[in-house]
Amino acid sequence: MASGSARRAGARLTNLLYGSINSSTPATAASWTQTGLAAGELAPFGARMASNQIVRNRMKSVKSIQKITKAMKMVAASKLRGIQGKTEDSRGLWQPFTALLGDAPGVDVKKKVILTLSSDKGLCGGINSTSVKFSKALMRLTAASGPDKEASYIVIGEKGKAQLQRDSRKNIKMFITETQKLPINFSLASTLTDEILRTVQFDAIHLVFNKFQTVVSYLPTVATILSPETMANGVETGKMSDLSNYEIEGSETQAEVLQNLSEFQFASVLYNAMLENACSEMGARMSAMDNSAKNASDMLDRLTLSYNRSRQAQITTELIEIISGAAALEAS
């Protein structure tokens, strides 16, 4: 008898709720609009069911994002394994130049060029911002060294270009993008070197990049390349005494030798810098995607807990309404 009364009370409550929804009075329509759903999309038990649906949709979105971040981490790890060996081998190209010519980031010349290496894609932490900050610091130091000093930017990579264009557009002489679509090799570095030397005049060029340390760390680095004229002046004034100890054989003059030496040094350093920066980018992307996947997992746990609590409260409320209705019928 009691179960039959409970069923009748439940059916009566359901009809009342469905009837109130289908009636769609102006007052109730306004309240439904505030939930973000239309009146026809609401479940029989009102906004509580709508909020549960919103939580379920958000859980699906977070799961999709988590799958994407995990896939991007695996891709970055695969690329890092392929490029790390080439990076370590390329360090033997520029080290002899450093031993012979030295590295003088504070060289006093009139025309300086700051070549900033960055990536074409984002989602790799603050690696591009670090290169841009170092480049801007070098620009400020050059401007503070005297009114006769000139400095300009050459930017390789879309992200560095986007950041420097905000407040230093007039100082950008040249920018190169979409280089990462091609395999990084010495031919690519030589082509970029020829294009830069043909387009921009300089006395010294500061190459700013991120040197690969480990998967989770990189070191912002500045490499300095001098022009042939600056090298010749250094030999004459005794600032580059190591070069004066060598005798030039053959038909080439000292100027021609210094010209070839400067160009080959530029290409070698640029080749190593591109590999080092690419390695650092992949390591930073791995770390960023790993952190994103962990954050997505934490968010899923919180959403699941919230959904379960809301669902439990909804079931409890429905049971109380049914029992209360049955009790009211029996009392009447």
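Here, residue 1 is the first one in the sequence, and each next residue gets the next number.
- Annotation: side chain of Ile176 is in contact with side chain of Leu192 (closest heavy-atom distance under 4.5 Å).
- Between the side chain of Ser217 and the main chain of Gln213, no donor-acceptor pair closer than 3.5 Å is present.
- Contact of the Asn171 side chain with the Met139 side chain is registered, since non-hydrogen atoms from C-beta on lie closer than 4.5 Å.
- Ion pairing between Lys121 and Glu281 fails under the 4.0 Å rule for side-chain N and carboxylate O.
- Remark: the backbone N or O of Met74 is not paired with any side-chain donor or acceptor of Ser78 at under 3.5 angstrom.
- Residues Thr130 and Pro220 come closest through the heavy atom pair CG2-CG, 3.4 Å.
- Across all non-hydrogen atoms, the minimal contact from Ile184 to Leu188 is CA-CD2, 4.2 Å.
- Using a distance-only test at 3.5 Å, with no hydrogens or angles considered, a donor-acceptor pair links the side chain of Thr221 to the main chain of Leu219.
- Contact check for Gln265 versus Met231: side-chain heavy atoms found under the 4.5 Å cut-off.
- Thr116 contributes no side-chain N or O that, together with a main-chain N or O of Val132, makes up a donor-acceptor pair within less than 3.5 Å.
- Formation of a donor-acceptor pair under 3.5 Å by the Ser118 side chain with backbone atoms of Gly160 is found in this model.
- Using a 4.0 Å cut-off between charged nitrogen and carboxylate oxygen, Asp290 and Lys294 count as a salt-bridge pair.
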Report the C-alpha separation of Gln312 and Arg309 in whole Å, then their side-chain angles, then the decisive distance to 0.1 Å, and conclude whether the side-chain hydrogen bond (donor to acceptor under 3.5 Å, both in side chains) test is met.
CA-CA 5 Å; Gln312 185 178 4; Arg309 286 178 176 176; over 6 Å; no

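- Nearest heavy atoms, Phe266 versus Ile205: CZ-CD1, 3.6 Å.
- Side-chain contacts under 4.5 Å among hydrophobic residues (ILVMFWY), followed directly or transitively, place Ile65 with no other residue at all.
- Checked for salt-bridge contact, Lys181 and Asp120 miss the test: no charged N lies under 4.0 Å from a carboxylate O.
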Side-chain donor-acceptor contacts of residues 144-154 below 3.5 Å, not counting sequence neighbours, with atom names and distances?
unit_1 : atom_1 : unit_2 : atom_2 : d
Ser145 : OG     : Thr142 : O      : 2.6
Lys149 : NZ     : Asp108 : OD1    : 2.6

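- No chain of hydrophobic side-chain contacts below 4.5 Å, direct or via other Ile, Leu, Val, Met, Phe, Trp or Tyr residues, connects Tyr218 to Phe134.
- The side-chain tip of Lys111 does not point at the ring of Phe202 from less than 6.0 angstrom away and within 45° of straight on.
- Asn272 places no side-chain N or O within donor-acceptor distance of the main-chain N or O of Ser268, the cut-off being under 3.5 Å.
- For the pair Leu207/Val222, no side-chain contact is recorded, criterion being any heavy-atom separation below 4.5 Å from C-beta on.
- Of all the heavy atoms in Phe212 and Leu80, the pair that sits closest is CE1-CD1, 4.1 Å.
- Residues Leu123 and Met72 are in side-chain contact: their nearest non-hydrogen atoms beyond the backbone lie under 4.5 Å apart.
- Side-chain atoms of His206 and Val113, non-hydrogen and from C-beta on, never get closer than 4.5 Å to each other.
- One N or O on the side chain of Thr191 and one on the backbone of Ser187 form a donor-acceptor pair closer than 3.5 Å.
- Listed for the Asn277 side chain is no donor-acceptor partner under 3.5 Å among the backbone atoms of Ala273.
- Taking every heavy atom of both residues into account, Ser262 and Pro228 meet most closely at OG-CD, 3.7 Å.
- Closest approach of Val208 to Ser131, counting heavy atoms only: CG1-O, 3.7 Å.
- At least one donor-acceptor pair closer than 3.5 Å links the side chain of Thr98 to the backbone N or O of Trp94.
- Side chain of Lys211 to backbone of Ser280: no donor-acceptor contact under 3.5 angstrom is found.
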